[in-house]
Amino acid sequence: QVQLVESGGGLVQAGGSLRLACAASGRTFSGYVMAWFRQVPGKEREFVAAIGWSGGTTNYADPVKGRFTISRDTAKNTVYLQMNSLKPEDTAVYYCAVRARIIKTTTPETYDYWGQGTQVTVSS
């Protein structure tokens, strides 16, 4: 059974940085897609970034391009989201997700496994 455990969230001032981690277990993820989404109360879950587990190719949502970097450590079965130049509008619960297909997508419904989420709060 796939388990995803996020860590690294917290409170940071605008302009600061945080690094989120997602420890994955339960199977091998070769050929899968790992992604980060975020959600604020009353809004739909929003795509942030995705990475192909095998090839390491990446996709980013426009609001985070140039500020966030997704990466993975295949030896540790961990995916990271480095967030720089944080803005108050980045405040959300951030979720790690796994899609059991090779093609990256941006819609939450196409992802098969989810972590419990970690809160990121950016103060102005």
Side-chain angles (χ1 to χ4, degrees):
Q1 184 172 349
V2 173
Q3 286 193 317
L4 305 173
V5 179
E6 299 101 333
S7 61
L11 173 64
V12 64
Q13 287 189 330
S17 299
L18 281 175
R19 189 176 82 153
L20 306 183
C22 172
S25 62
R27 63 156 300 127
T28 58
F29 297 95
S30 177
Y32 284 16
V33 173
M34 316 292 281
W36 289 94
F37 287 78
R38 64 187 182 186
Q39 190 170 24
V40 298
K43 291 192 175 181
E44 295 185 351
R45 197 162 292 190
E46 174 189 40
F47 171 76
V48 175
I51 187 166
W53 186 259
S54 299
T57 57
T58 57
N59 289 69
Y60 294 93
D62 286 343
V64 307
K65 280 182 181 176
R67 300 189 298 123
F68 291 10
T69 302
I70 188 171
S71 62
R72 87 275 190 250
D73 185 330
T74 56
K76 295 182 178 180
N77 262 16
T78 300
V79 178
Y80 302 97
L81 185 68
Q82 178 66 44
M83 305 185 293
N84 298 329
S85 301
L86 282 162
K87 305 175 181 179
E89 51 263 44
D90 294 319
T91 295
V93 177
Y94 283 71
Y95 296 91
C96 177
V98 172
R99 171 174 159 80
R101 301 287 188 276
I102 198 168
I103 303 299
K104 292 190 284 294
T105 62
T106 63
T107 52
E109 295 78 12
T110 60
Y111 284 76
D112 302 289
Y113 305 100
W114 292 87
Q116 81 288 351
T118 185
Q119 177 70 47
V120 171
T121 303
V122 184
S123 63
S124 57

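Fair warning: this is a prediction, and the values are worked out from it, not measured in the lab. Numbers here simply count residues along the sequence, with the first being 1. All values below come from the heavy atoms of this structure, side chains included, with hydrogens, waters and symmetry mates left out.
A salt bridge links Lys65 to Asp62: one of the charged nitrogens lies within less than 4.0 Å of a carboxylate oxygen.
The CZ atom of Arg38 lies 13.5 Å from the CZ atom of Arg45; values are rounded to the nearest 0.5 Å.
Aromatic ring pairs are classed by plane angle as parallel below 30°, tilted from 30° to 60° and perpendicular above 60°; the pair Tyr95 and Trp114 is perpendicular.
Using a 3.5 Å distance cut-off with no hydrogens or angles, the side chains of Arg99 and Tyr111 do not pair a donor with an acceptor.
Environment of CD in Gln116: crowded, with over 12 heavy atoms of neighbouring residues, nucleotides or ligands closer than 6.0 Å.
One hydrophobic cluster, built from ILVMFWY side chains closer than 4.5 Å, holds both Val33 and Phe47. Using a 4.5 Å cut-off between side-chain heavy atoms of Ile, Leu, Val, Met, Phe, Trp and Tyr, with links allowed through other members, Val64 and Val93 fall into different hydrophobic clusters.
Distance alone, capped at 3.5 Å, places no donor-acceptor pair between the Gln1 side chain and the Gly26 backbone. When atom types are taken as modelled, the side chain of Gln13 and the backbone of Ser123 share no donor-acceptor pair closer than 3.5 angstrom. A donor-acceptor distance shorter than 3.5 angstrom exists from the side chain of Ser54 to the backbone of Gly31, with no hydrogens or angles considered. Thr91 places a side-chain N or O within 3.5 Å of a backbone atom of Val122 that can act as its donor or acceptor partner.
In summary, of the residues considered (Thr107, Thr106, Asp112), a side-chain hydrogen bond (donor to acceptor under 3.5 Å, both in side chains) with Thr110 occurs for Thr107 alone. Of the listed residues (Thr28, Ile102, Val79), just one forms a side chain to side chain contact (heavy atoms under 4.5 Å, CB included) with Trp53, and that residue is Val79.
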Before giving the answer on side chain to side chain contact (heavy atoms under 4.5 Å, CB included), spell out for Arg72 and Phe29 the whole-Å C-alpha distance, their side-chain angles and the decisive distance to 0.1 Å. CA-CA 11 Å; Arg72 87 275 190 250; Phe29 297 95; over 6 Å; no
Chi angles and distances behind the side chain to side chain contact (heavy atoms under 4.5 Å, CB included) call for Asp90, Arg67: CA-CA 11 Å; Asp90 294 319; Arg67 300 189 298 123; 2.7 Å; yes
May I have the step-by-step check of side chain to side chain contact (heavy atoms under 4.5 Å, CB included) for Thr57 and Lys104, ending in yes or no? CA-CA 9 Å; Thr57 57; Lys104 292 190 284 294; 2.7 Å; yes
